[in-house]
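Note that this is a predicted model, so its numbers are computed, not measured. Computed from heavy atoms alone, side chains included, the values below leave out hydrogens, waters and symmetry copies. Chain A is the first sequence line, chain B the second, and so forth, proteins listed ahead of strands; every chain is numbered from 1.
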Amino acid sequence: MNDTFWLLTAIIFLPTAGAAGVALIKKESVETMRAFALAITFATFLLSIYLTWGVFDPTDPGIQPKAPELVSKDAGGFKSAEIAKQYEQRGVSTKWIPGWNIEYRLGYDGISVPLVLLTGLISFLGMVASWSIQKEVKGYLILYLLLETGMMGVFLALDFFLFYVFWEVMLLPMYFLIGIWGGPRREYAAIKFFLYTLFGSILMLIALLMLYFGSGGGDTLPTFNILKLSAIGQGLIPDLAYSPAVQLTAFVLLFIGFAIKVPVWPFHTWLPDAHVEAPTPISMILAGVLLKMGGYGILRIAFPICPAGAQAACLVLVALGVISIIYGAFAALAQTDFKRMVAYSSVSHMGYVLLGIAVWKLTDTGSVDGSRFWLQGINGAMFQMIGHGISSAGMFFMVGVIYDRVHHRDLNKFGGLIGLMPLYGGIAIGLFFAGLGLPGLCGFIGEVFVVLSSWNYSPVLAIVAASGVILTAGYILWAVQRVYLGPEYKGPHPEAITPLTEREAFVGLTLLAFAIILGVFPDTLFSKMKTSTEQFVSTMDAGYQASLKPATTTAAVEKK
Amino acid sequence: MLELLVILIPLCPLLACLAITVLGPSLKENSHWLTVLGNAGAFTCALVALIGVATNGFPEGSQTIPLYQWMSIPGSSNTMALDITIALHIDSMSAIMLTMLTFVATLVAIYASSYMHGDPGYARFFACVSLFTFSMIMLVLSANFLQLFMFWEAVGLCSYLLIGFWYEKPSASAAGMKAFLVNRVGDFGFAIGIFLLWRTFGSVDYVDTIFNPAALASVAAKYPGLLETICLCLFTGAIGKSAQFPLHVWLPDAMEGPTPVSALIHAATMVTAGVYMVARCTNLYMLAPHAQLVVSIIGGLTALIAALIGLTQTDLKRVLAYSTVSQLGYMFLGLGTGTFLGIGGAMFHLVTHAFFKALLFLGAGSVMHAMGGVIDMRQFGGLRKLMPKTYATFLVGSLALAGLFPLSGFWSKDTILASVRMAAHPEAHKADAHPATTDGHDAHGKPAESGHGAADHGKAGHGDAHAAVASVDRTKVKLFGIAATTWYEILFWAGSFTAFLTAFYTFRAVFMTFHGEERIPEEAGHHAHESPSAMTTPLIILALGAAFLGLALGHMSAIFNGTGFFDGFLSKTIPGTAGHHDADWFVIGLSTVAAIAGIGLAWMMYAERSGVPAAIAQAVPPLYRLSLNKFYFDELYYIFLVVPVVCLAQLSRFIDWIGVDGLVGFISRIPGAIAKLARPIQNGLVQFYALSMMLATAMLLWALLVRPGL
């Protein structure tokens with residue numbers, strides 16, 4: 001129990017406390033409630049900024065905070081296996097359910113910190129965008145804040161059980177937020193979203209129990225500690241190991257659970273419905289943060305705990321990634337609903353994330369180059385997650401802005417908006433170009449890294465994936481042309497088209513600014529995560545080698 | 001000090017752009033001042049940098065100025081790392097480009113301040129122009145391929161924004177989209193080329209790749225086909241950006257943008273980025289003779305096709321656009337000869353073309369301005385008395401484009417043609433080209449692995465690192481079973497014929513617009529007049545350049561014995577260009593005859609609006625229609641590219657709806673179906689329940705008692 005413990009707890013539970021606070025405010029004072037909730041999300045955002053720049057140490061590749069007695073890494077580099085074995089000393093924890101050895105264990109590293117920051121930012125901007133919600137504001141705000149708790153918890157939890165709880169906590173508010181504040185088909189969409197994700201959660205639960213019961217034996221208690229489970233999976237703990245068969249089974253179960261969230265083709269069909277029906281701020285959260293939880297889960301849980309399973313499944317994952325990219329782009333091209341088009345673009349863009357994570361090629365034992373390429377892929381995937389978080393949230397917001405005014409989303413019934421709303425048009429075109437992957441904006445870097453790394457895995461797949469950029473340009477430019485350019489607005493309610501409010505301009509400009517900063521100075525993000533991703537790659541390689549020979553685990557690690 | 005100046009070159013227009021973006025609403029009609037100032041500042045700095053390079057102000061003739069680390073992801077043992085620093089690389093080639101670019105950009109900005117007067121998007125226009133100038137400068141100054149790619153796309157974005165500047169015109173926004181998408185196709189290949197470079201050399205920095213002859217030579221020795229592939233991929237990018245066949249279709253449509261944009265971006269600067277890139281990669285292309293041959297063939301073919309299309313177009317700006325495509329083709333034709341004469345000629349043509357083509361476009365804009373926006377040459381005529389300054393300057397530009405002695409186009413175009421002829425007859429020219437260097441003869445037959453420094457027609461013995469470019473024996477290169485020399489021979493005649501066509505269509509436009517009976521369209525109203533001085537002054541300055549640049553910079557080497565200033569200067573980057581060449585009187589004579597014949601024919605047909613053109617069109621209707629309809633490229637693309645993509649998109653949507661989501665829906669109905677199966681059991685009949693109970697008990701008893709251990 002130290003300062004960091006309370007900081008992390010505050011990041012997670014400040015929104016919950018805020019939700020309780022909102023509950024106490026009188027139902028009539030809507031503006032007070034909004035302002036209070038906004039203050040809470042802003043405070044959480046500030047805390048996440050403080051975590052990123054004030055507390056987090058980007059030179060330490062492992063999970064932080066670490067126990068003070070741990071010697072910091074030696075000057076020449078770090079031994080990833082050593083760090084991976086420090087599962088007890090890293091992170092902060094307290095007992096939660098001792099009978100099952102369940103802990104309240106939190107921690108962060110270069111992989112989770114950017115996502116925590118993203119969550120803080122998008123939650124804050126989403127709250128600013130929530131002024132458009134008029135119905136049952138109190139309930140909305142409470143659920144919204146609970147949702148933020150769930151998201152932050154997922155990114156900070158280091159106990160698998162705790163992770164699972166947060167995963168589910170996030171699910172319920174989302175269900176209601178779509179189902180009550182959504183569009184005409186909200187109930188269908190909400191149930192679809194819920195059942196889909198629940199289906200994935202069940203698979204995850206099965207894997208969770210499998211791994212839990214495999215982690216004990218003799219005197220050792222079974223554990224949910226993700227770091228320890230990873231160490232077992234990577235063969236770092238004597239006399240404890242998951243066989244390749246167990247790893248593959250667990251990996252497939254976990255992967256489907258996370259793939260639904262990403263979403264990976266063919267588990268994606270909940271996404272367009274959910275997005276189309278969800279209110280604008282919820283779409284922003286959904287695209288900006290929720291989808292990243294899938295990618296994060298794969299990086300934090302599925303791969304580290306089951307390296308052998310992951311390695312065995314890589315080819316399938318790569319193929320699914322490429323299919324998602326191309327298929328999503330084609331499907332986006334065919335949409336006539338503005339929001340649905342943006343939703344399919346998410347499928348396409350998140351395909352790059354999966355592709356980057358999955359291009360783990362071991363050409364031969366101890367191959368160095370293979371893992372170096374994979375490192376580019378992991379970095380690219382991480383960057384793509386953050387970049388997409390910015391650009392997709394921005395695109396959904398831009399769709400929401402116009403929907404609030406004219407109440408339709410038919411791509412063929414817009415036109416000329418840049419003339420009617422110049423500022424809006426300018427910001428929107430900027431954000432859409434960020435989604436298009438224009439160099440200098442946030443979408444480009446991730447794609448380049450991913451395609452570069454996939455080249456080593458398979459040049460053909462790399463070329464196919466790269467050809468996605470042409471299709472992306474196609475559907476985005478076509479949409480821009482139909483919505484923003486042209487002589488006149490062709491749809492209903494032309495009288496309702498009014499310039500951006502200051503609040504809307506603030507959200508749009510902030511997202512655009514982040515898109516530009518990430519594109520022009522990508523190293524601000526890379527510098528936060530690169531030691532962690534590097535450690536991830538080297539422990540995974542070592543772990544895979546070790547997990548193949550459970551009997552000689554320690555020896556293999558030593559040799560490495 | 002000089003470094004600081006180099007940094008100022010891109011900084012000036014960037015600041016102008018930011019200032020206009022922020023202050024635009026209050027500046028309104030004064031926005032152009034910022035752009036003009038920014039561009040003029042950049043020009044001043046570029047000029048000083050040019051002089052700096054010329055006077056050896058930079059210690060090694062070139063300098064790379066790092067700005068900041070863009071990204072850095074570690075690799076293994078310094079290879080395969082992505083360590084990319086945003087840096088500015090200044091040498092003689094980039095200095096030439098920058099000076100030309102910023103000079104034209106300044107004049108165009110002055111011109112546009114009058115041309116765009118009264119447009120509601122005035123500030124937006126100048127913000128975009130400044131952004132473009134900044135991006136183009138950064139493209140030229142790039143020190144690595146990823147940075148090059150970044151600004152390559154950035155200029156594409158500016159082009160998109162400016163083509164679609166009048167967004168309320170559906171044709172304009174469609175043209176912008178077309179330009180961007182066609183360029184994306186090229187950029188896709190370009191990106192693959194960069195990936196391949198990175199995979200091969202472990203770096204995308206120029207210093208590790210194209211400026212490192214040793215690395216290039218060793219790769220060429222190890223994987224002969226690899227460099228060819230890389231070159232072809234990179235060239236795909238150039239095909240897109242420089243509007244070469246088969247991706248040339250976007251440039252004529254790009255004329256939907258305001259005319260100053262056509263002059264600056266779609267004639268003088270951005271479209272030459274492809275030429276610049278290939279010239280920049282000379283060391284690489286020198287090791288890839290097949291790719292070079294492809295470059296030449298594409299260039300020559302484009303030059304010819306575009307000229308043929310240009311014969312029948314009636315939109316003055318489109319004639320000029322096809323002419324731009326055609327002239328860019330010439331540049332590639334020169335670049336691909338693998339002779340330093342050709343590369344130097346291409347770069348020189350790039351510069352002279354920038355002047356006379358910007359001049360022609362601005363002249364066309366002046367006409368358009370006076371004619372109330374009408375640009376169809378059938379609707380006006382005989383404007384030479386009405387617009388004397390425009391006429392005079394336009395005439396100078398046309399003569400330069402036609403390549404008449406002593407205007408600038410003559411020098412550069414003839415150099416390119418001479419280089420192609422030289423490539424076609426390497427044996428005949430070798431003795432002439434290298435009277436003094438015996439090494440040149442010997443190196444010719446040697447394999448590349450020897451690492452010998454002498455290239456075909458380069459000079460040997462310069463101590464510069466760049467001189468050590470190994471070259472391959474070009475005489476043995478074949479493509480489709482045809483020897484390279486035969487290809488170059490064909491290309492030479494195609495190029496010469498194109499010169500004739502160029503002169504013809506250029507003067508067709510001149511005569512239709514300025515000669516004959518004075519006709520003014522209704523749109524012009526009654527106040528058709530010569531343009532204001534803000535527009536004519538840039539015309540006059542450009543006309544001076546178009547007229548005398550060739551003489552002043554003297555690309556003498558091919559024409560008359562000796563090395564001109566331009567070649568000598570460029571040789572600081574590409575040493576071979578300063579080689580000594582004798583005058584090729586055959587080429588000079590042929591192209592002069594071609595130019596005069598073209599002008600004469602145009603005079604006979606169009607000076608007095610005779611019925612000859614119509615008669616010819618009627619005599620060969622298929623050919624006429626082929627040219628008028630631009631060889632049906634747009635239609636072909638629509639059928640073979642757009643339609644399949646749209647079909648695939650609809651198919652994806654259908655699969656998503658019926659296939660994937662249908663499957664999900666089906667699965668979701670399974671629990672209900674199972675429940676339905678079980679439902680009859682709960683039928684409410686007590687007798688049925690009792691029977692089931694007894695049966696079940698009996699079975700259990702049987703299992704326990706009769707078959708224990710089951």
(message) Given heavy-atom pairs under 4.5 angstrom as the criterion, report whether the side chain, backbone, both or neither of Ala174(B) touches chain A.
(response) both
(request) Ignoring hydrogens and angles, state whether a donor on the side chain of Lys192(A) or Tyr188(A) is under 3.5 Å from an acceptor on the partner side chain. (result) yes
(request) Can you establish whether the number of heavy atoms outside Phe666(B) located under 6.0 Å from its atom CZ is more than 12? (result) no
(message) Please classify the contact between Tyr475(A) and chain B as side chain, backbone, both or neither, with a heavy-atom cut-off of under 4.5 Å.
(response) neither
(request) Answer yes if the ring centres of Tyr484(A) and Phe414(A) are under 6.0 angstrom apart, and no otherwise. (result) no
(message) Less than 4.5 Å to any heavy atom of chain B: does that hold for the side chain of Ile445(A), its backbone, both, or neither?
(response) side chain
(request) Keeping the roles fixed (side chain from Arg184(B), backbone from Val469(A)), state whether a donor-acceptor pair exists under 3.5 Å. (result) yes
(message) Between Thr336(A) and chain B, with a heavy-atom cut-off of 4.5 Å, which part of the residue counts as in contact: side chain, backbone, both or neither?
(response) both
(message) Which atoms of Leu436(A) are under 4.5 Å from chain B, going by heavy atoms: the side chain, the backbone, both sets, or neither?
(response) both
(message) Under 4.5 Å from any heavy atom of chain A, what part of Leu648(B) do you find: side chain, backbone, both or neither?
(response) both
(request) Measure Phe267(A) against the heavy atoms of chain B and call it side chain, backbone, both or neither at under 4.5 Å. (result) neither
(request) Determine, using ring centers only, whether Phe373(A) and Tyr457(A) are less than 6.0 Å apart. (result) no
(message) Does any backbone or side-chain atom of Trp270(A) lie under 4.5 Å from a heavy atom of chain B? Answer side chain, backbone, both or neither.
(response) neither
(request) Please tell me if the side chains of Phe383(A) and Leu525(A) come closer than 4.5 Å, counting only heavy atoms from C-beta onward. (result) yes
(request) Select one option (side chain, backbone, both, neither) describing which atoms of Ile84(B) are under 4.5 Å from chain A's heavy atoms. (result) neither
(message) Are there over 12 heavy-atom neighbours, none belonging to Tyr637(B), within less than 6.0 Å of that residue's OH?
(response) yes
(message) Less than 4.5 Å to any heavy atom of chain A: does that hold for the side chain of Phe151(B), its backbone, both, or neither?
(response) neither
(request) Kindly indicate whether the side chain of Val645(B), heavy atoms from C-beta on, has any atom under 4.5 Å from the side chain of Leu471(A). (result) yes
(request) Pick one of side chain, backbone, both or neither for Val480(A), based on which atoms fall under 4.5 Å of a heavy atom in chain B. (result) side chain
(request) Please look at Val664(B) and chain A and tell me whether the side chain, the backbone, both or neither of the residue comes under 4.5 angstrom of a heavy atom of that chain. (result) side chain
(request) State which residue, out of Phe526(A), Phe444(A), Tyr352(A), fulfils the ring-ring contact (aromatic ring centres under 6.0 Å, His included) condition with Phe449(A). (result) Phe526(A)
(request) Considering only heavy atoms and a distance below 4.5 Å, find which of Gly486(A), Ala462(A), Gly328(A), Gly426(A) pairs most often with chain B. (result) Gly486(A)
(message) Which one wins on heavy-atom pair count under 4.5 Å against chain A: Phe195(B), Trp152(B), Trp166(B), Phe149(B)?
(response) Phe195(B)
(request) Under 4.5 Å heavy-atom distance to chain B, tell me which part of Glu488(A) shows up: side chain, backbone, both or neither. (result) neither
